[in-house]
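Contents: one structure, followed by commentary.
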Amino acid sequence: MNELMLGNKAAARGLYEAGCSFVSSYPGTPSTEITEEIAKFTEVYAEWAPNEKVAVESAFGASFAGKRSFAGMKHVGLNVAADPVFTISYTGVNAGMVICVADDPGMHSSQNEQDSRHYAIAAKIPMLEPSDSQEAYDFAKLAYEISEEYDTPVFLKMCTRVAHSQSIVHTGERVCPEQVPYEKQPQKYIMMPGNALKRHPIVEERTRLLTEYAETSPVNRIDEGADRSMGIISSSTSYQYVKEAVGEKYPVLKLGMINPLPVKKIKDFAASVEKVVIVEELDGVIETHCRAMGLDVTGKEVFTCLGEFSQNIVAKGLGQAPFEGIKLEEELPGRPPALCAGCPHRGVFYLLKKMKLNVLADIGCYTLGAVPPLSAIDYTICMGASVSGTHGFVKADPEQAKKTVAVIGDSTFMHSGITGLVNIAYNESNATVIILDNSITGMTGHQQNPCTGFNLKGDPCTKIDLESLCRAAGINRVRVTDPYDLEETEKAIKEELAAEEPSVIIARRPCALLKYVKHPGPIKNDPDKCVGCKACMKAGCPALVMKDGKAMIDNTMCVGCRICAQLCKFGALGAED
Amino acid sequence: MDTKNIMIVGVGGQGTLLASKLLGNMLLKAGYDVKVSEVHGMSQRGGSVVTYVRYGDKVYSPVVDRGGADLILSFEALEAARWLEYLKEDGTIITNTQQIDPMPVIAGLAEYPEDLIGKIRAKGVKVDAFDCLSLAEEAGTSKAVNLVLLGRLSNYFDFGEEEWIKAIEEGVPAKFVEMNKKAFKLGREYK
């Protein structure tokens, strides 16, 4: 069947057809939909793990038991999962195992633009890199074949434009292989030094065999071109931009397997053209490989390691001059993302700004607390760094403890905030942690997590009690506040900052976008009472605008959270009947 | 045929993804090679969003680049101006005249520019501008701006009205079909 399919959905379809039976992932843009889509197949067990390390280890456990398994994550998630990844490269697999990592060049929704291809090289794990949805589907299936034939986990490397573009896919039927019998093989799977020493040369030999595969496999192919004054080597979405820019003019070596890279195939290609140009997003991985082979190539000196490419960028790099459009002369105001109308995080950030606190924040929607007019955040590094960073901050400078908070979401707290909290309790810093509990994983589009009481399939399940968890971690002062109530929340923050021991404040309100959350609807707006003081505008709510000097509620957006009503001293907003 | 390039631009939350999904499926059924590229995640939170739809005999790149769009379908006036440079020299902008203040304007850090549509026209660009919000409200909900615009866009294609209606019936939840069909027709028939 032919279908217009998101790259992530196509990857999910390929995994499904290959007989994948176990999926464990942590959501992260642009990888999330792979797991959401495969979860729709009843034959596949699929779950959200609390973090990527747990996901990879769980998927490995399933492979160890003899079933084809999968773990999906974004590029920064692979940093979290790196520990097991480097060692399961040594053990190899029982049934096939595929790990998808999705990079985000251009940082549409990420804190850095690391190039995950380095992980494949460093961990000595083969990596397939699709360039459209059809290849995402094909390569997902191929990945299991390679995994079992070469006894290795296999990376499927996506990027934003492959993951979040739809193109046509020809699909097939699911063929589920027999479960591989589980046999105890201590020398293969117990990675203590004596055994691991014996596994390492096996990994090196595997890479040699995989390089031979890369030389001849159709996954690395040449698109012929008549003009041999230049040959282009490319992969992933860059290949599509190259074809868009040059069509059939120059020969193109299209690499579908990015680790290990072929040697002879590249040398022969280079010998058949006058000049070799390498077009790859982010780092010069193919380029470095070519230079190590002694080839003189053009790469990063023309094609930047910054951001995403496009057909115009590639065309210009190849000496063409595409039409670049017309612009208005005036500077247009930007439209950065902002916290949604009714977002339960808004009140907390309003207060943190007002109280002039140091705010060490984390990864999630609430990073938008950094955007004016809230401008409430001092740092955002990675999942969990708010809690552990605050510990270091107030330990190093105890005076700051009275005016510093960590801010972290419920899902992020379960991901890697809890270990930081254990450190706060164990090593006794006077830190204050605010858990913004909106009872869902918000930024990536509403995934369930251990605090929500539902699993990935939507079934009710064990709900982790945050209050008990924090107390069990050694925090005596744990309290819950409603972030829609500014007075109560401000009191909680003041008291916990003043306390001479660490504390956790759980600001609990569900995400305003959740379909099952009922809202009272737009509040009353009385412009006659508005004096134009703009006190309400400090909340930075998109449902509130100034028109002719008066605050006006946008009834299409306002959900009735009443944050602005609490800021208005003149009764212009939210008068009760 | 050469690849045709359409961009759907707007503000996160306006329903741009549904418009591109319906259009993409129509083009697939018509036998074209199709690519649709969208953005998920953070920028969806009220930020400037863009979806690219490309179709033809063989499509490579999933995105439209500066100077490449045959048509830009804009859900908001400032976004029409922002993405203008992606238009071809002889391209057309179809835009909602609605103004949605971005956060820098709400925060008092910037002014919403005046008469953006007039300024775009002054550049010699073909602009098809109309108030989609009131038509959407007439159809029953302010959220149907996307179907009003899709209705307008349908006039630029050779597909029959029945084909569009069928795509809507297949592409939106049953309880919203009638309202969406009404919004589509209001946009398609608007003079």
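As a basis for the values below, the full set of heavy atoms in this structure was taken, side chains included, without hydrogen atoms, waters or symmetry mates. Throughout, a chain's letter reflects where its sequence line sits, starting with A, and its residues are numbered from 1.
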Worksheet item: Who among B:Gly108, B:Ala81, B:Ser20 has the most heavy-atom pairs with chain A under 4.5 Å?
Response: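 Counting heavy-atom pairs under 4.5 Å, the top option is B:Ala81.
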
Fill in: When B:Ala122, B:Pro104, B:Ala110 are compared by non-hydrogen pairs under 4.5 Å with chain A, the top option
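If we count pairs closer than 4.5 Å to chain A, B:Pro104 comes out on top.
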
Proximity breakdown for [X] and chain B, heavy-atom pairs closer than 4.5 Å:
X        : answer
A:Asn555 : neither
A:Thr160 : neither
A:Pro333 : both
A:Leu339 : neither
A:Glu33  : side chain
A:Cys343 : neither
A:Glu324 : both
A:Leu544 : backbone

For a 4.5 angstrom cut-off between non-hydrogen side-chain atoms, does [X] reach [Y]?
X        : Y        : answer
B:Ile120 : A:Leu328 : yes
B:Leu116 : A:Leu332 : yes
A:Glu244 : B:Asp65  : no
A:Tyr241 : B:Val63  : yes
A:Pro373 : B:Met103 : yes
B:Val59  : A:Ser167 : no
B:Ser61  : A:Tyr239 : no
A:Ile326 : B:Leu87  : no

Worksheet item: Would you call A:Glu248 and B:Lys58 a salt bridge, taking side-chain N to carboxylate O under 4.0 Å as the test?
Response: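 Salt bridge: no.
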
Quick one: closest heavy-atom pair of [X] and [Y], and the distance?
X        : Y        : value
B:Ser37  : A:Arg161 : OG-NH1, 3.0 Å
A:Val545 : B:Asp101 : CG1-OD2, 3.6 Å
A:Phe323 : B:Glu89  : CZ-CG, 3.3 Å
B:Lys123 : A:Lys327 : CE-O, 3.3 Å
B:Leu109 : A:Pro372 : CD1-CB, 3.6 Å
A:Glu330 : B:Pro113 : OE1-CB, 3.3 Å

Proximal component of [X], with respect to chain A [non-hydrogen, under 4.5 Å]:
X        : value
B:Val34  : both
B:Val125 : side chain
B:Ile100 : both

Interatomic spacing from [atom1] in [X] to [atom2] in [Y] - rounded to 0.5 Å:
X        : Y        : atom1 : atom2 : result
B:Arg82  : A:Arg335 : CZ    : CZ    : 6.0 Å
B:Tyr32  : A:Leu4   : OH    : CG    : 14.5 Å
B:Leu17  : A:Gln166 : CG    : CD    : 8.5 Å
B:Asn5   : A:Gln311 : CG    : CD    : 7.5 Å
A:His164 : B:Thr51  : NE2   : OG1   : 12.0 Å
B:Lys143 : A:Thr556 : NZ    : OG1   : 7.0 Å

Looking at [X], I want to see if its [atom1] is surrounded by more than 12 non-hydrogen atoms of other residues, nucleotides or ligands under 6.0 Å.
X        : atom1 : answer
A:Lys550 : NZ    : yes
B:Asp115 : CG    : yes
B:Lys4   : NZ    : no

